[in-house]
Amino acid sequence: MIRTSDTSGGLHEHDEVVVTGGAGFVGSHLVTSLSRLDKKITVVDHAELPAHVAALPGVRHARADLRDYGETLLALQGADVVFHLAGNASGTVSVEKPRHDFHLNALGTCNVGNACLELGVQRLVYLSSAIVYGTPRSSPMGEDHPTQPFLPYGASKLSGELTLRSLQQSAGLPVVIGRSFVVYGPGEDPSRAGGEVSQFLRWHLNEMPIPVVGDIDRKTRDFIHVEDLCGALVTLAERGLDGETYNLGSGTEVSLRDLAEAVGKATGRPALLDADDSSLEDSFSLVADVSRLAALGFSPAIPLADGLESLAAALGPFPELPTAKAVFRKERPERRRLTEAAAC
Ligand SMILES: NC(=O)c1ccc[n+]([C@@H]2O[C@H](COP(=O)([O-])OP(=O)(O)OC[C@H]3O[C@@H](n4cnc5c(N)ncnc54)[C@H](O)[C@@H]3O)[C@@H](O)[C@H]2O)c1
């Protein structure tokens, strides 16, 4: 059992740990980290587990759709600690299918929070996103920065946060919330992942110029390696305060021009940028103030240069090219005439 006062520096030996979304990019890394700590882990996910996750010692799969409360309750039975990562992670998908996004991220999270209360789970860690802040007003951003999301994805993640925090206040749900900045590392799906690090590497490793939308100097980001993110999530489980929110980032500001230079250094060949500044929609600084996380005794251990080198090695020459596009606005459909349909 994990308690907020725990200073033992480890998850407790007999904890039953659940990772929702453990078949996905971040989740499969988290399951791997927890398996190294000899934990018994149940992955709650409606998708198949990747073979390397299914083969880990101590891992079992409970297939469930978290939009269904009965399935959620059944899948979380026996859990001491729950890491809730399942959901839609794509802003573009949320623009194209906002109701789908809301069902997964808001309703699914509400179901997980309620089930944790009903089952007496000792600690719930929710992985939210820096997208909840919306357009940054200051940089670096602390956790008290206003939350005004401009994408449905930001609104659905924020709804999840607000629901869990209200359950903490009204019913004592032992929840800690982490807001991740831009994650990168091996295992991202190039057809869905919009993070710049693996996208830049994929173009460059194919010996092609890197397409970039926006101002390459004003567009700055905070990149965190997925293994550091998993370390931060375990720290939240062990030492995070109930009801508190923590930024999960490196705290280091990197412009897209800097990133391209770092890609060149990591691969021994200068990177070419094909910059399109016709849209400046997200040409802002998105950088975390990580002092609250640091006060828990955690700081990221993988510098960008090292993370890039190991990711380049993992991708190998000529990896699959990224096809994920950043969509901020949907084409407006013609107004539907429901009366016509009724008349047919
Ligand atoms: N990847 C990032 O850059 C990033 C950044 C900030 C926050 N996050 C958050 O981290 C979490 C994981 O992101 P990811 O990149 O690993 O995404 P991912 O798409 O790789 O994984 C999500 C997992 O959730 C599962 N899932 C989706 N809907 C489900 C449902 N209804 N029931 C059960 N399982 C369901 C999927 O099968 C998948 O395995 C998300 O909540 C996302 O909002 C990700």
Side-chain angles (χ1 to χ4, degrees), residues 19-37 41 43 45 47 49-53 55-56 59 83 85-91 125 127-131 178-206 210 221-236 247-254 256 258-260 262-263 265-267 271 286-288 290 293 298-317 319-324:
V19 179
T20 76
F25 164 52
V26 180
S28 57
H29 282 275
L30 181 61
V31 174
T32 306
S33 309
L34 291 166
S35 164
R36 279 194 212 115
L37 298 172
I41 306 147
V43 176
D45 202 302
L49 299 193
H52 73 280
V53 176
L56 289 168
V59 172
F83 292 90
L85 277 61
N88 168 48
S90 159
V125 178
L127 182 54
S128 184
S129 164
I131 194 80
R179 288 180 182 153
S180 177
F181 283 64
V182 187
V183 195
Y184 73 97
E188 282 173 274
D189 177 347
S191 69
R192 288 189 293 134
E196 286 84 0
V197 174
S198 72
Q199 289 208 346
F200 273 36
L201 267 176
R202 283 173 186 275
W203 288 105
H204 184 61
L205 291 168
N206 275 283
I210 302 163
R221 295 293 182 261
D222 180 323
F223 299 112
I224 179 164
H225 192 277
V226 66
E227 284 186 17
D228 278 334
L229 177 61
C230 294
L233 290 170
V234 171
T235 300
L236 295 194
N247 279 340
L248 308 179
S250 64
T252 304
E253 180 168 24
V254 178
L256 296 192
D258 296 336
L259 177 62
V263 164
K265 278 197 190 129
T267 56
L286 186 72
V287 182
V290 286
L293 178 64
F298 180 86
S299 51
I302 306 175
L304 181 62
D306 294 358
L308 275 169
E309 260 186 50
S310 61
L311 182 56
L315 289 172
E320 191 180 334
L321 284 172
T323 48

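Contact of the L127 side chain with the L248 side chain is registered, since non-hydrogen atoms from C-beta on lie closer than 4.5 Å. Using a 4.5 Å heavy-atom cutoff, the side chains of L304 and T252 are not in contact. A 4.5 Å side-chain heavy-atom check between V125 and V234 finds every atom pair outside the cut-off. Considering only heavy atoms from C-beta on, P190 stays 4.5 Å or farther from L321 through its side chain. Counting only heavy atoms from C-beta outward, the side chains of W203 and P322 approach each other to under 4.5 Å. With contacts defined as side-chain heavy-atom distances shorter than 4.5 Å, the pair L236/L293 qualifies.
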Throw together a table of side-chain donor-acceptor distances under 3.5 angstrom for residues 192-201, partners on residues two or more places apart or in other chains.
from: R192; atom 1: NE; to: D189; atom 2: OD2; distance (Å): 3.2
from: S198; atom 1: OG; to: E188; atom 2: OE1; distance (Å): 3.3
from: Q199; atom 1: NE2; to: A193; atom 2: O; distance (Å): 3.0

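Between the N247 side chain and the V290 main chain, no donor and acceptor come within less than 3.5 Å of each other. Under a 3.5 Å cut-off, the side chain of R202 and the backbone N or O of E320 do form a donor-acceptor pair. The backbone N or O of P319 sits less than 3.5 Å from a side-chain atom of N206, completing a donor-acceptor pair. Side-chain N or O atoms of S129 include none that pairs as donor or acceptor with a backbone N or O of R179 at under 3.5 Å.
A distance of 8.5 Å separates CD in E227 from OG1 in T32, rounded to the nearest 0.5 Å. Atoms CG and CD1, on L256 and I210 in that order, are 10.0 Å from each other to the nearest 0.5 Å. Taking CD1 from I302 and CZ from F223, the interatomic distance works out to 15.0 Å, rounded to the nearest 0.5 Å. Here the straight-line distance linking atom CG of L56 with atom CG of L34 works out to 10.0 Å at 0.5 Å rounding. Going from atom CG of L311 over to atom CG of D306 covers 12.5 Å, rounded to the nearest 0.5 Å.
What you find for F181 and D222 is that their closest heavy atoms are CB-O, 3.5 Å. In terms of heavy atoms, A312 sits closest to T267 at CB-CG2, 4.3 Å. In this structure, S250 and P300 approach most closely via the heavy-atom pair CA-CG, 3.8 Å. Taking every heavy atom of both residues into account, G21 and A86 meet most closely at N-CB, 3.5 Å. Pairing each heavy atom of V254 with each of L259, the nearest pair is CG1-N, 3.8 Å. Taking every heavy atom of both residues into account, S180 and I224 meet most closely at OG-CG2, 4.2 Å.
When each of L49, V26, V59 is checked for a side chain to side chain contact (heavy atoms under 4.5 Å, CB included) with V31, only V59 meets the rule.
The ring pair (Phe, Tyr, Trp, His ring centres under 6.0 Å) check on H225 picks up Y184, with sequence neighbours excluded.
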